[in-house]
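In what follows, a single structure is set out as structure tokens and then discussed.
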Amino acid sequence: MDRIKIYHNPRCSKSRATLALLEENEANPEIIYYLETPPTSDELKDLLQKLCMGIREIIRTNEPGYGELGLDDESLVNP
């Protein structure tokens with residue numbers, strides 16, 4: 001089995017809780033601090049494929065940048 005990866009943000013309570021749960025269960029995950037080393041476009045596409053999700057399903061719509069960057073434009077589609 002592949003080593004578990006967690007895309008982690010230490011300032012996020014859910015991310016901290018997930019990491020703690022993994023560590024409590026001795027999962028020894030590979031920790032990727034995505035704010036410091038963001039995933040590439042290809043890595044994101046791979047993750048979305050593994051999750052069987054589209055990009056719109058993981059966008060945080062309540063963040064200020066969502067509207068400011070025009071990401072709320074419904075004419076934008078999944079790649």
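This structure is a prediction, so every number in the text was calculated from the model and none was measured.
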For E30 and I32, run side-chain contact (heavy atoms from CB on, under 4.5 Å): C-alpha distance rounded to whole Å, both residues' side-chain angles, the deciding distance at 0.1 Å, then the answer. CA-CA 6 Å; E30 176 184 352; I32 301 167; 4.2 Å; yes
Taking every heavy atom of E23 against every heavy atom of P29, the minimum-distance pair comes out as CG-CD, 4.5 Å
Please tell me whether L44 and Y7 are part of a single hydrophobic cluster in this structure, the criterion being side-chain heavy atoms less than 4.5 Å apart.
no
To the nearest 0.5 Å, atom CZ of R16 lies from atom CZ of R11 at 10.0 Å
(request) Verify side-chain contact (heavy atoms from CB on, under 4.5 Å) between M53 and I58, making sure each step is shown before the conclusion. (result) CA-CA 8 Å; M53 298 176 87; I58 66 166; 4.0 Å; yes
Here the gap from E57 atom CD to L51 atom CG, rounded to the nearest 0.5 Å, amounts to 9.0 Å
| query | Do the side chains of L69 and Y66 join up, straight or via other hydrophobic residues, at under 4.5 Å, putting them in one cluster? | reply | yes
**Report entry** R60 side chain to G65 backbone, donor-acceptor under 3.5 Å
**Finding:** no
| Does a side chain donor of either D42 or T40 reach within less than 3.5 Å of an acceptor in the other side chain? | no
Here the pair of heavy atoms bringing E43 nearest to P38 is OE1-O, 4.4 Å
Separation between CG (L19) and SG (C12), nearest 0.5 Å, reads 11.5 Å
- Indicate if L71 and L48 have the same hydrophobic cluster label, given that clusters are the connected sets of ILVMFWY residues with side-chain heavy-atom separations under 4.5 angstrom. yes
In this structure, CD of E63 is separated from CD of E68 (nearest 0.5 Å) by 10.5 Å
To the nearest 0.5 Å, atom CD1 of I31 lies from atom OG of S15 at 9.0 Å
For the hydrophobic clusters of this structure (ILVMFWY residues joined by side-chain heavy atoms under 4.5 Å, transitively), does one cluster hold both Y34 and I55?
no
OG1 (T18) and CD1 (I4) are apart, to the nearest 0.5 Å, by 11.5 Å
